[in-house]
Undergrad: 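This is the structure I have questions about; it appears just below.
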Amino acid sequence: MKKTILTTTAMVAGLGMVAGAASAQEVRFMCYSDGNECEVYDDLANRFEADNPGIDVIVDVVPYQAILENLPVQLAAGTGPDLAKVTDLGGLNEYYLDLTDYVDADYWENSFGETLNWYRVGDRQGIYGMHSQLTITGPFVNATLFEQAGIEMPGEGATWDDWATAASAVVEATDADFPMAMDRSGHRVAGPAISYGAKYFDAEGNGSFDGFDAFAEAFVSWNEDGTMARDVWASQGGSTYADAAQEFINGEVVFYYSGSWQVGRMDEQVGDFFDWQVVGSPCGPAGPCSGMPGGAGVVGFEGTENPEAVAAFIDFLAQEDVYAEATARTRNLPAHLGVASAGVEFEDVSPAAQGALNGFAGALPDVSPIAFAYQGYAGNRAMFGITVERVSQAIVGELSVADAMERAASDLEAAMAESQ
Amino acid sequence: MLALQRKLGVNRLAWAFLLPNLILFGLFAFLPVILNVFYAMTGGDNVLLADRPDVGARNFVTLLDCENYLDVNSCREDKFWRAVWNTVRFVILQVGFMVGFALLTAIILNRDIRARGFFRSVFFFPVLLSPVVVALIWKWILQREGVLNAFLDWTGAGGINWLVDAQWAFGWSVFISVWAHMGFYTLILLAGLQAIPRDVYEAALMDRANAWRTFRRITLPLLAPTMLVVLILALIKGVQTFDEVYAFTGGGPGTATTFIIQYIYEEGFAGAPRLFGLAAAASLLVAGVLVVLTLIQLRISRNNVDG
């Protein structure tokens, strides 16, 4: 009798488990954080699960490097997650789940506009990604050092040369170590390079380094004469990313060119140490005073077994109220046009940070169309890497600027041939 | 067991015991090598072999296309040749210093000195550290505002930007690698020294041979087989150098400390597009060089034993 009861209980429990497994749709979300994004998404996922019984969203927090290096290999091998937060927006297009059939396409087109194009490549023109954090590159300036030096900060419309001169004068008058610093990233130099005349595309719309040499010349000479902190670009090899945020936070750098995603870090770590502010991207000889847009987005993958659940979750995140909440809590610039036009009250930020975020948002209209197109170009990651490698070689003297540009062009040609 | 032996026979029983290891080895060592050969003959950036177009020997041609192998700027894939020559320079210096210092240390630690056990542990300790930890420790010491520059500033000598200067960065990479791995080779040589019979030294002492003569005529010849093992291991390890230098300098400044394994890693995995074919071809070329070096060393060792 006892044996029969046990067997029956085990069978019922087993059947229950099988039934549960069959009804629950598990969705794995590969997420990386610049700040607290994954924590916020996890919280929002709990709310989504409460509204959608049977869907279980698991947020797997990974380092950014895993998104760059492991995710593409996993996707190619068919073992990727159901959705992820990515930055290689166009580069992973072939794996994206087209959300068009699952969402209100008009709402998405009206809400995300231009950023939807960043996820589209060739004839794959559907709706693929919700741009969760819009970023824009631009300079942080140590206002206290300018004040101590008694030098006036260059105003609106100032050029890169104006800033280089002013920042160098500040260093001479104070204890600061470096007039300027720029992150070691092909993305970061893109805005300034466009201001110097970089076209980034040829007549057929293919990637190109035409016109990049003017900025390369200037940048290399700034690194040689000490205007730029040489450590950032010269002390690394390959296309390794390096930033100069810590040097700026330590008060060693007068003018630091990075981007809006650093605002939280500055707000947290600079504190009362000195006054800092965000100014618009300087102008160049070619005219534009452009930064470079970018950021990250949430995409679903075609390989998922639960496309409806994946699309439902992304659509939930894309709704104006949810998006606005996520933006305020993560302190990122909104790509959602409705949220952007309504304005965002960022949570737990100082007036300086609020001002900085507003400053970055205000610089968006100055972004060159080339920069927007470059951000959406599927081959931009290859171009970013080539830029860093070859410009670094010119900075340390392994190659002349002309040779570096020639090598960059042939690297790009080879990379494009392999990609095709 | 006896029943199994009767059933399979003595020879087959050995295979039965070897089978689990053979399967693991086949799956995780031989199969990847074979796949690597196929990848080297394909192009594109797809991961799956079936999706990759056959390009024959194109990847090898790309790597070997050079007007003058001593002038990397004349090579089509200049990054590969920069990495090759950096590796050659690194291996010569690193293996030379490593074997020299390891031998010297082993000889000293083999003598009857005070706190011998403590010093043996001290020299072996860096071997226990993870390569990334080794790299980070030295990065903290050598960076612009690191411990060494703080000390130099304090003495009034003024700091040096060690990691931005190509020659210094390369030199420190060699030093750190020797520091991190010397203990392992010291231990092997110490074991070799302790295996030399004492009576040979006693006979030399009776013949009034001086210390240098004893070292040259007894220690070195009897230690030669162990030295050869150390040399082969250090050489192979030297060519494979990647993790600690990558974490230490990232291969920079420029490409000053980019070695061949980093080149393979960056082409295959870190860059965009991922050039698995080029990376696989480069790894096969490296494997070929390592096989040749090992065969030469084995030949010399066999000659020594026979002679």
Side-chain angles (χ1 to χ4, degrees), chain A residues 65 68-70 72-78 88 91 94 177 184 223 229-242 246-247 250 252 378-386 388-400 403-404 406-407 410-411 414-420, chain B residues 42-48 51-53 55 58-59 62 72-73 75-79 82-83 86 139 142-145 161-169 173 245-259 262-263 265-278:
Chain A
Q65 206 69 1
L68 286 183
E69 293 178 11
N70 301 359
V73 178
Q74 287 182 12
L75 291 171
D88 187 8
E94 63 182 298
D177 292 329
R184 190 174 193 266
N223 273 277
R230 198 163 180 262
D231 297 38
V232 185
W233 280 66
S235 69
Q236 294 288 322
S239 53
T240 317
Y241 171 77
Q246 201 53 54
E247 283 82 352
N250 292 346
E252 296 169 307
N380 65 9
R381 266 205 76 219
M383 292 178 74
F384 293 158
I386 291 167
V388 171
E389 277 184 2
R390 295 306 185 181
V391 171
S392 295
Q393 284 186 284
I395 288 170
V396 300
E398 282 178 6
L399 294 173
S400 67
D403 287 344
E406 204 176 304
R407 285 284 182 186
S410 62
D411 288 351
M416 291 302 110
E418 288 292 336
S419 295
Q420 281 155 14
Chain B
T42 57
D45 58 352
N46 284 309
V47 177
L48 301 176
D51 300 335
R52 298 174 59 80
V55 295
R58 193 182 76 191
N59 290 318
T62 303
V72 291
N73 287 327
C75 300
R76 189 160 139 200
E77 189 58 23
D78 66 319
K79 287 184 285 179
R82 284 179 199 280
N86 285 342
K139 206 169 180 173
L142 297 169
Q143 64 194 7
R144 188 169 53 83
E145 294 193 322
N161 214 341
W162 308 103
L163 302 181
V164 174
D165 181 278
Q167 300 303 326
W168 278 118
S173 300
V245 177
Y246 185 67
F248 177 55
T249 62
T255 58
T257 57
T258 300
F259 302 128
Q262 183 180 337
Y263 170 82
Y265 164 71
E266 289 192 335
E267 291 302 313
F269 302 101
R274 289 173 173 76
L275 304 178
F276 300 115
L278 204 63

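Numbers restart at 1 for each chain; the letters A, B, ... are given by sequence-line order, proteins then strands.
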Undergrad: For Val396(A) and Pro253(B), work out which heavy atoms get closest and say how close.
TA: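 Val396(A) and Pro253(B) have their closest heavy atoms at CG1-CB, 3.7 Å.
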Undergrad: Between Asp51(B) and chain A, which part of the residue has a heavy atom less than 4.5 Å away: side chain, backbone, both or neither?
TA: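 Neither the backbone nor the side chain of Asp51(B) comes within 4.5 Å of chain A.
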Undergrad: Under 4.0 Å between a Lys/Arg side-chain N and an Asp/Glu carboxylate O for Arg144(B) and Glu252(A)?
TA: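 Yes, this pair counts.
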Undergrad: Is it the backbone or the side chain of Glu247(A) that comes under 4.5 Å from a heavy atom of chain B, or both, or neither?
TA: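 Contact with chain B: side chain only.
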Undergrad: Looking at CZ of Arg230(A) and CG of Asp165(B), how far apart are the two atoms once the value is rounded to the nearest 0.5 Å?
TA: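 Interatomic distance, Arg230(A) CZ to Asp165(B) CG, rounded to 0.5 Å: 8.0 Å.
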Undergrad: If I measure from the heavy atoms of chain A, does Gln143(B) come under 4.5 Å with its side chain, its backbone, both, or neither?
TA: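 Contact with chain A: none, neither part.
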Undergrad: Top residue by heavy-atom pair count (under 4.5 Å) with chain A, among Asn161(B), Thr258(B), Leu48(B)?
TA: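 So the answer, after comparing Asn161(B), Thr258(B), Leu48(B), is Asn161(B).
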Undergrad: Can you tell me how far apart CZ (Phe269(B)) and CG (Asn70(A)) are? Round to the nearest 0.5 Å.
TA: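 Phe269(B) CZ to Asn70(A) CG: 10.5 Å, rounded to 0.5 Å.
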Undergrad: Quick check on Arg274(B) against chain A: is it the side chain, the backbone, both or neither that has a heavy atom closer than 4.5 Å?
TA: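 Only the side chain of Arg274(B) comes within 4.5 Å of chain A.
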Undergrad: Can a salt bridge be assigned to the pair Arg390(A) and Asp78(B) using a cut-off of 4.0 Å between side-chain N and carboxylate O?
TA: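 A salt bridge is present here (some side-chain N lies under 4.0 Å from a carboxylate O).
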Undergrad: I'd like to know which of Thr255(B), Thr62(B), Thr257(B) tops the heavy-atom pair count under 4.5 Å against chain A.
TA: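 Heavy-atom pair counts peak at Thr255(B).
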Undergrad: How close do Val164(B) and Asp231(A) get, heavy atom to heavy atom, and via which atoms?
TA: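 Residues Val164(B) and Asp231(A), closest heavy atoms: CG2-CA, 3.8 Å.
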Undergrad: Is the shortest distance from a Lys or Arg side-chain nitrogen in Glu418(A) or Arg58(B) to a carboxylate oxygen in the other one below 4.0 Å?
TA: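 Yes, charged N to carboxylate O under 4.0 Å.
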Undergrad: Could you state the interatomic distance from OG (Ser235(A)) to CZ (Phe248(B)), rounded to the nearest 0.5 Å?
TA: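 Rounded to the nearest 0.5 Å, the OG-CZ separation comes out at 10.5 Å.
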Undergrad: Could you tell me which of Ala234(A), Ser410(A), Ser392(A) has the largest number of non-hydrogen atom pairs under 4.5 Å with chain B?
TA: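 Between Ala234(A), Ser410(A), Ser392(A), the count favours Ala234(A).
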Undergrad: Is the closest side-chain heavy-atom distance between Gln236(A) and Thr249(B) below 4.5 Å?
TA: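 Of all side-chain heavy-atom pairs linking Thr249(B) with Gln236(A), none is under 4.5 Å.
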Undergrad: Taking every non-hydrogen pair under 4.5 Å, which of Gly251(B), Gly254(B), Gly277(B) racks up the most with chain A?
TA: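 It is Gly254(B).
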Undergrad: So which atom in Arg407(A) and which in Val72(B) form the shortest heavy-atom distance, rounded to 0.1 Å?
TA: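 Where Arg407(A) meets Val72(B) most closely, the heavy atoms are NH2-O, 3.9 Å.
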Undergrad: Please rank Pro72(A), Gly237(A), Ala77(A), Gly379(A) by heavy-atom pairs under 4.5 Å with chain B and give me the top one.
TA: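 Most heavy-atom pairs within the cutoff with chain B belong to Gly237(A).
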Undergrad: Let me know if Val55(B) has heavy atoms under 4.5 Å from chain A in its side chain, its backbone, both or neither.
TA: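 Nothing of Val55(B), per the 4.5 Å heavy-atom cut-off to chain A.
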Undergrad: Are Ser239(A) and Glu266(B) close enough that a side-chain donor and a side-chain acceptor fall under 3.5 Å?
TA: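 No, no side-chain donor-acceptor pair sits under 3.5 Å.
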Undergrad: Measuring heavy-atom distances to chain B, does Ile395(A) have an atom under 4.5 Å in its side chain, in its backbone, in both, or in neither?
TA: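 Ile395(A) has no heavy atom closer than 4.5 Å to chain B.
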Undergrad: Counting heavy-atom pairs under 4.5 Å to chain A, which of Glu77(B), Glu145(B), Arg76(B) comes out on top?
TA: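 That would be Glu145(B).
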Undergrad: Non-hydrogen atoms of chain A under 4.5 Å away: do they reach the side chain of Ala270(B), the backbone, both or neither?
TA: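 Contact with chain A is through both the backbone and side chain of Ala270(B).
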Undergrad: Contact part of Asp177(A) toward chain B, heavy-atom cut-off under 4.5 Å: side chain, backbone, both or neither?
TA: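 The side chain, not the backbone.
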